[in-house]
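What follows is a set of notes on a single structure, which appears directly below.
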2 protein chains.
Amino acid sequence: MASSTVENYLKAALLHEQAHGGIVPMGALVEALAVVPGTVTTMVKAMAAQGLLAHEARQGVRLTPVGRALALGVLRKHRLVETFLVRTLKMDWSEVHDEAEALEHAVSDRVLARMDEFLDHPTTDPHGDPIPDAEGRIADTARQATLETCAANKPLRVARILDQSPDFLAYAQDCGLKPGARVKVLQRDAAGGVVRCETKPGQELTLGLPAAAKIVVGAAA
Amino acid sequence: MASSTVENYLKAALLHEQAHGGIVPMGALVEALAVVPGTVTTMVKAMAAQGLLAHEARQGVRLTPVGRALALGVLRKHRLVETFLVRTLKMDWSEVHDEAEALEHAVSDRVLARMDEFLDHPTTDPHGDPIPDAEGRIADTARQATLETCAANKPLRVARILDQSPDFLAYAQDCGLKPGARVKVLQRDAAGGVVRCETKPGQELTLGLPAAAKIVVGAAA
DNA sequence: TCTTGTATTTTGAGTAATCAAAATAGTATG
DNA sequence: CATACTATTTTGATTACTCAAAATACAAGA
Ligand SMILES: [Mn+2]
Ligand SMILES: [Mn+2]
Ligand SMILES: [Mn+2]
Ligand SMILES: [Mn+2]
């Protein structure tokens with residue numbers, strides 16, 4: 001029913017809503033979809049006419065319940081496909097995002113259900129991103145601590161990487177910062193803009209604050 | 001580079017060429033792609049301009065070497081995906097054709113290579129159709145015997161089913177006629193238009209000639 | 001040869017998605 | 001408050017693919 005283009009717009013709106021809350025400015029869609037502003041205005045009007053989102057003139061868009069349900073379905077496909085590519089086909093976690101970007105529009109619900117079963121119903125993808133369940137429920141991940149904001153000198157684990165770019169993921173892997181890895185913040189220097197961490201005993205690592213903000217951490221259960 | 005539409009035209013031309021040889025009439029593409037004749041003329045002109053096929057006015061098309069190479073790549077994706085869906089995700093062989101019809105355009109060469117490895121380089125798909133290798137070489141399957149044409153009273157094996165429709169495949173499965181299954185033709189009645197076969201000892205089966213012609217058989221090694 | 005019938009092509013039109021560039025609205029700054 | 005800046009919208013085109021319906025070419029049959 002919905003074209004790949006429409007699905008991409010819906011997913012972009014959902015991700016922005018999850019990351020920032022409230023209305024999604026047109027500019028966010030311009031950026032996410034890499035098109036010119038006029039294109040977004042045109043598409044948004046068409047999608048609003050279809051009841052997928054509400055367009056507030058000069059402000060931005062909000063997903064309707066129908067639009068959000070569709071967006072969650074696309075996000076579920078994206079993240080299950082990523083999980084499949086890494087776990088089953090042994091692809092590198094830094095290359096699967098782009099592959100999933102295309103496959104999320106081609107995998108049917110039937111295939112997805114078989115894949116979910118095959119993978120034993122995973123709840124997070126290789127980047128630590130939560131996978132919505134078949135009914136569209138998704139774990140709330142708002143206000144989680146990152147290496148930029150967490151407490152120092154406590155044993156933690158990497159929970160999620162907030163940057164899907166191959167470059168950053170390759171770098172994170174190099175540093176031993178994959179989801180599940182242990183970390184401890186040794187010292188945070190706000191003036192210098194760096195965070196000093198320990199990954200393994202003796203393995204130290206200094207990260208810039210923007211990079212540190214992309215590493216979500218949780219208690220080292 | 002090539003759109004899904006172009007890939008579908010190329011694959012249809014290749015399949016027709018493999019089944020009938022020589023030039024592919026416009027009408028064959030009309031049928032295969034379920035579009036109106038004028039649409040085919042338009043698309044064919046565009047594709048000829050791109051060097052994917054040669055258009056002989058009022059006659060039909062021939063694949064160029066470039067077009068054929070692309071078509072073989074699409075066919076390889078289609079059949080590897082089908083194999084994957086049946087072997088790994090345990091889907092029914094009668095439903096995978098339609099799924100593969102969409103996935104063949106979304107699976108990248110990188111993913112395909114991993115899948116090929118994972119499946120241990122299969123050479124035929126679940127319907128017995130040969131899978132082109134990574135260089136586009138494909139087993140020649142012209143002039144193989146079918147239940148309509150093969151010798152009687154010799155132990156044989158089903159090699160391939162030439163009809164991908166879910167209905168026919170479900171029927172074939174019911175009759176125990178999956179690739180690899182043993183069969184023997186007991187008697188052929190050209191006047192009555194039927195073939196009487198034995199699948200298992202004691203299990204007899206009577207097939208109409210059109211159906212029999214869709215079951216490719218080979219020696220029961 | 002004339003007449004049909006069928007396959008193919010042409011013509012005219014429409015939809016989805018896009019861009020470039022000009023117009024506009026709203027916000028922030030002096 | 002006037003000005004400037006920025007985000008958004010509008011306008012006018014373009015590309016890819018599609019259909020409906022009319023025109024045309026070709027191969028047979030009478
Ligand atoms: Mn996508
Ligand atoms: Mn992910
Ligand atoms: Mn296809
Ligand atoms: Mn097949």
Side-chain angles (χ1 to χ4, degrees), chain A residues 1-13 16-17 19-63 66-67 70-71 74 101-102 104-106, chain B residues 1-13 16-17 19-63 66-67 70-71 74 101-102 104-106:
Chain A
M1 261 314 51
S3 67
S4 298
T5 303
V6 165
E7 289 188 340
N8 283 333
Y9 275 73
L10 290 173
K11 180 159 65 85
H16 192 278
E17 166 187 296
H20 303 93
I23 200 164
V24 182
M26 305 300 270
L29 298 176
V30 168
E31 168 114 4
L33 296 155
V35 291
V36 306
T39 301
V40 169
T41 303
T42 307
M43 277 301 297
V44 156
K45 279 185 175 174
M47 290 170 67
Q50 290 188 238
L52 301 177
L53 29 86
H55 181 202
E56 326 225 323
R58 301 262 160 197
Q59 300 278 296
V61 300
R62 283 178 214 281
L63 288 165
V66 173
L70 282 177
V74 178
E101 205 54 57
E104 66 191 357
H105 313 293
Chain B
M1 252 327 37
S3 66
S4 298
T5 303
V6 166
E7 290 187 340
N8 284 332
Y9 274 74
L10 291 172
K11 180 159 64 87
H16 191 280
E17 166 186 298
H20 304 94
I23 200 164
V24 182
M26 305 300 269
L29 298 176
V30 168
E31 167 113 6
L33 296 154
V35 291
V36 108
T39 302
V40 169
T41 302
T42 306
M43 277 301 298
V44 156
K45 279 184 177 175
M47 291 170 68
Q50 289 188 238
L52 301 176
L53 24 93
H55 181 200
E56 326 225 323
R58 302 261 161 197
Q59 301 277 296
V61 300
R62 282 178 216 281
L63 288 164
V66 174
L70 284 177
V74 179
E101 205 54 57
E104 66 191 358
H105 313 293

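Protein chains get the first letters and strands the later ones, always in sequence-line order, with residue 1 at the start of each. It should be emphasised that the depicted structure is a prediction, and the values quoted were computed from it without experimental measurement.
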Requested in this report: Give a yes/no answer on whether the side chain of His55(B) brings an N or O atom under 4.0 Å of OP1 or OP2 in dT8(C).
Outcome: no
Report task. Just grab all the salt bridge (charged side-chain N to carboxylate O under 4.0 Å, His left out) pairs involving residues 19-28 of chain B, residues at least two apart or on different chains. Result -> none
Query raised in the report: How long is the span from the CE atom in Met1(B) to the CD atom in Glu7(B), to the nearest 0.5 Å?
Result: 11.5 Å
Report task. Taking atom CD of Glu31(A) as the centre, report whether more than 12 heavy atoms of other residues, nucleotides or ligands fall under 6.0 Å from it. Result -> no
Report task. Kindly give the heavy-atom pair with the smallest separation between Gln59(B) and Ile23(B), and that separation in Å. Result -> CB-CD1, 3.7 Å
Query raised in the report: Could you give the angle between the helix axes at the two ends of the helix from dT1(C)-dA30(D) to dG30(C)-dC1(D), with five pairs per end, rounded to 10 degrees?
Result: 20°
Report summary line: Whole-Å distance, Ile23(B) CD1 to dA7(C) C1', equals 13 Å
Report task. Could you go through the side chain to side chain contact (heavy atoms under 4.5 Å, CB included) check for Met47(B) and Leu10(B) one step at a time? Result -> CA-CA 9 Å; Met47(B) 291 170 68; Leu10(B) 291 172; 3.6 Å; yes
Query - Under 4.0 Å protein heavy-atom contact, by nucleotide of nucleotides 15-29 of chain C - B base, S sugar-phosphate only - result: --SBBS---BS----
Report summary line: Ordered by number, residues from residues 24-33 of chain B within less than 4.0 Å of DNA chain C (heavy atoms) are Pro25(B), Met26(B), Gly27(B)
Query raised in the report: In Å, rounded to the nearest 0.5 Å, how long is the span from CG of Leu53(B) to OH of Tyr9(B)?
Result: 10.5 Å
Query - Considering all heavy atoms, the nearest Val30(A)-Val35(A) contact - result: CG1-O, 3.1 Å
Query - Value rounded to 0.5 Å, distance of CG in Leu63(B) from NZ in Lys11(B) - result: 13.0 Å
**Report entry** Heavy-atom pair of closest approach, residues Val24(B) and Glu17(B)
**Finding:** CG2-N, 4.3 Å
Query raised in the report: To the nearest 0.5 Å, what is the distance between CE (Met26(A)) and CD (Glu56(A))?
Result: 11.0 Å
Query raised in the report: Using a cut-off of less than 4.0 Å, is there contact between a side-chain N or O of Lys45(A) and OP1 or OP2 of dT10(D)?
Result: yes
Requested in this report: Please test Asn8(B) against His105(B) for side chain to side chain contact (heavy atoms under 4.5 Å, CB included), starting from the C-alpha separation and ending with a verdict.
Outcome: CA-CA 9 Å; Asn8(B) 284 332; His105(B) 313 293; 2.9 Å; yes
Query raised in the report: With sequence neighbours excluded, what pairs up with His55(B) under the side-chain hydrogen bond (donor to acceptor under 3.5 Å, both in side chains) test?
Result: none
Report task. Could you state the atom-to-atom distance from CD of Glu7(B) to C1' of dC17(D) in whole Å? Result -> 15 Å
Taking only nitrogen or oxygen atoms into account, show me every contact under 3.5 Å that the protein makes with nucleotides 3-5 of chain C, one pair per line with its distance.
none

Report summary line: Taken to the nearest whole Å, CD/Glu56(B) to C1'/dA25(D) is 16 Å
